Amino acid sequence: MQFETVFSLGQTALELGLISSLTVLALFLSYSMLNVCDLSTDGCFTLGATVGAAVAIAGHPYLSIAAAMLAGVVSGFIVAVLQTKMGINSLLAGIIVNTALYSINIAVMNNASVLNMFQTVTVFTKMKEAVRGTFLERFDKTVIALIAVALVVVFLSLFLKTKIGLAIRATGNNPAMVRSSSINPVMTTIIGLCISNSFTALSGCLLAQSNKSVNIDIGSGMVTIALASLLIGNVFASKGKIPVRALGAVLGAVIFRLVYTIALRFNMPAFMLKFVSSVIVIIAIAGPYLKQQLPMLRRRLGHKSGSAENTEDALC
Amino acid sequence: MLRIEKITKTFNPGTVNAKTAIKDLSLHVEKGDFITIIGANGAGKSTLFNAISGTFFTDSGKIFLDGEDITLTVEHKRAKSIGRLFQDPMLGSAPGMTIEENLALAAGHGGWLSTVSKADKKLFREKLSMLGMGLEDRMSQPVGLLSGGQRQALTLMMATINPPKLLLLDEHTAALDPATAEKVIELTESIVESENLTCLMITHNMDSALQLGNRTLMMNDGNIIFDASGEKRKGLTVNDLLDLFKEAAGKSLSNDRMLLSE
């Protein structure tokens, strides 16, 4: 394989990794900090993609980013209100919203399941023009992805140190303590999910615009893929300060994409992506649990209950 | 300071499991009172604390704190004026966050988007050094690394960093080893005294029930059956309390933790 091919594959993996790392950072906030498994992620990712595409096609490349994020905030708000104010189980709230978003997304795409943006001006085409002729010429997508990731990481690092940020972290860590600190855990959950879903939508929006097309399945399985990336990131930075952990999440997303790209080169069929991400999540969560159970399992296997020899010993 | 008027709470009403945990209970607490509360398991002590702090709303009756009717005020709003410690040291702090972050949340200084200020850090250091546990040098460590006693002392600090109108201590030393428990009791006494806090403390230790504070209540079957303060309380011994309990409750204490702590 030529160097050029390797480089280009690596670059594509990096771009995809960075763009999807925005969803990973969203889960970093909702899953790691707030301790809510937000199953509306798939639908919200697609929502960001469809809203972003629709607004961009209407001729507003910059507004499309803001519109996508705002749509994410609304989606997150609904998930949060369902689980905090309506007595709906948190997992179920996510699934319900996810299902509803399927219809919304078709509606946003004007009753189609695919939108093309080949002629559309987006932030990516703007960037392509801006860097034409400079040394960044072939890195237009990478630059946008890097800027977005940097902004989100910096935002999270600063935000999670503020009073409201601390309250959100405490809500995931010990809700009883939050109430006794005279903070309303309903409020922290709502704010946390609004912010995390705005990142998920941003992620979907950027992926669609860099692909120049969006289809209704663009977000399917995203929650598992992002969770797998997050857990890979935890291998490198599960403890430590927030910025380090956030960067770990980004690294996890990039590594996931790199490994996936390499696997494709070794003739793994592309449709295996979701299977692999599921297996990674299972290993990452079940692994530590099983490791904990191992000593007891060994003891059970080595334990001979009531054999004749032992009984005799006991009698003497 | 705290006025409770005929509150009642029934759990699982209308089912076979219906249990009236508090029955027509009234209590008047003066500002600066330090009241110890004793009673058998299931007497309604913790339920009374839950009712005061708003974990649930009572079925009837009224609760006033500092002249304000808080009967229907939600828990996190009451928490502004009520500090509370539980038996389980793990309940009062967030293990994944640092000591400093926990204290910052408890202190709640500044606006929602403000971060921990230098003045706050200095205040936290000073307060922590008063505990004498060396925690002031571990402010950036997660609370999950602390021992039960250290966590309970920290929780006490968190509950009193903004002196609450009312401090509720629900057997807050029962899960600690005797030496640590004694230390936490000493800390409690000194903080309650220096901040001149109004405090209710549930305990199973009859000695501390009589030694600490200025008034002792005994609860049974969802109500206060004995209330001693001033001269009446001075002459009391642990045996008197046990006798009183048998007499008032009309049953023996054969199978109760209270006997063990004689």
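Quick caveat: nothing in here was measured; it's all calculated off a predicted structure. Each chain gets a letter, A, B and so on, in the order its sequence line appears, and its residues count up from 1.
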Greatest number of heavy atom pairs closer than 4.5 Å to chain A - which of [options]:
options              : value
B:R84, B:M97, B:M158 : B:M97
B:A106, B:S53, B:S93 : B:S93
B:G92, B:P95, B:A104 : B:P95

- Lys/Arg-Asp/Glu bridge criterion (N-O < 4.0 Å) met for B:K45, B:E171: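 Between B:E171 and B:K45 there is no salt bridge, as every charged N stays at least 4.0 Å from the carboxylate O atoms.
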- Query: Is the shortest distance from a Lys or Arg side-chain nitrogen in B:E101 or A:K241 to a carboxylate oxygen in the other one below 4.0 Å?
  - Reply: no
- Task: Would you check if there is a donor-acceptor pair between the side chains of B:R78 and B:T73 at a distance under 3.5 Å?
- Result: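 There is no such pair between these side chains.
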- Message: Report which part of A:M187 has an atom under 4.5 Å of a heavy atom belonging to chain B: side chain, backbone, both, or neither.
- Response: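 The side chain, not the backbone.
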- Checking side-chain contact (heavy atoms from CB on, under 4.5 Å) against B:I35, which of B:L2, B:L212, B:T198, B:L217 comes through? B:L217
- Hey, mind stepping through B:T203 and B:N205 against side-chain hydrogen bond (donor to acceptor under 3.5 Å, both in side chains) and telling me if it holds? CA-CA 5 Å; B:T203 180; B:N205 186 317; 5.4 Å; no
Proximal component of [X], with respect to chain A [non-hydrogen, under 4.5 Å]:
X      : value
B:M90  : backbone
B:N102 : both
B:K77  : neither

- Go through A:A167, A:S181, A:G165, A:A176 and name the one with the most non-hydrogen pairs under 4.5 angstrom from chain B. A:A167
- Task: Using a 4.5 Å cut-off on heavy atoms from C-beta on, say whether the side chain of B:H109 contacts that of B:L123.
- Result: yes
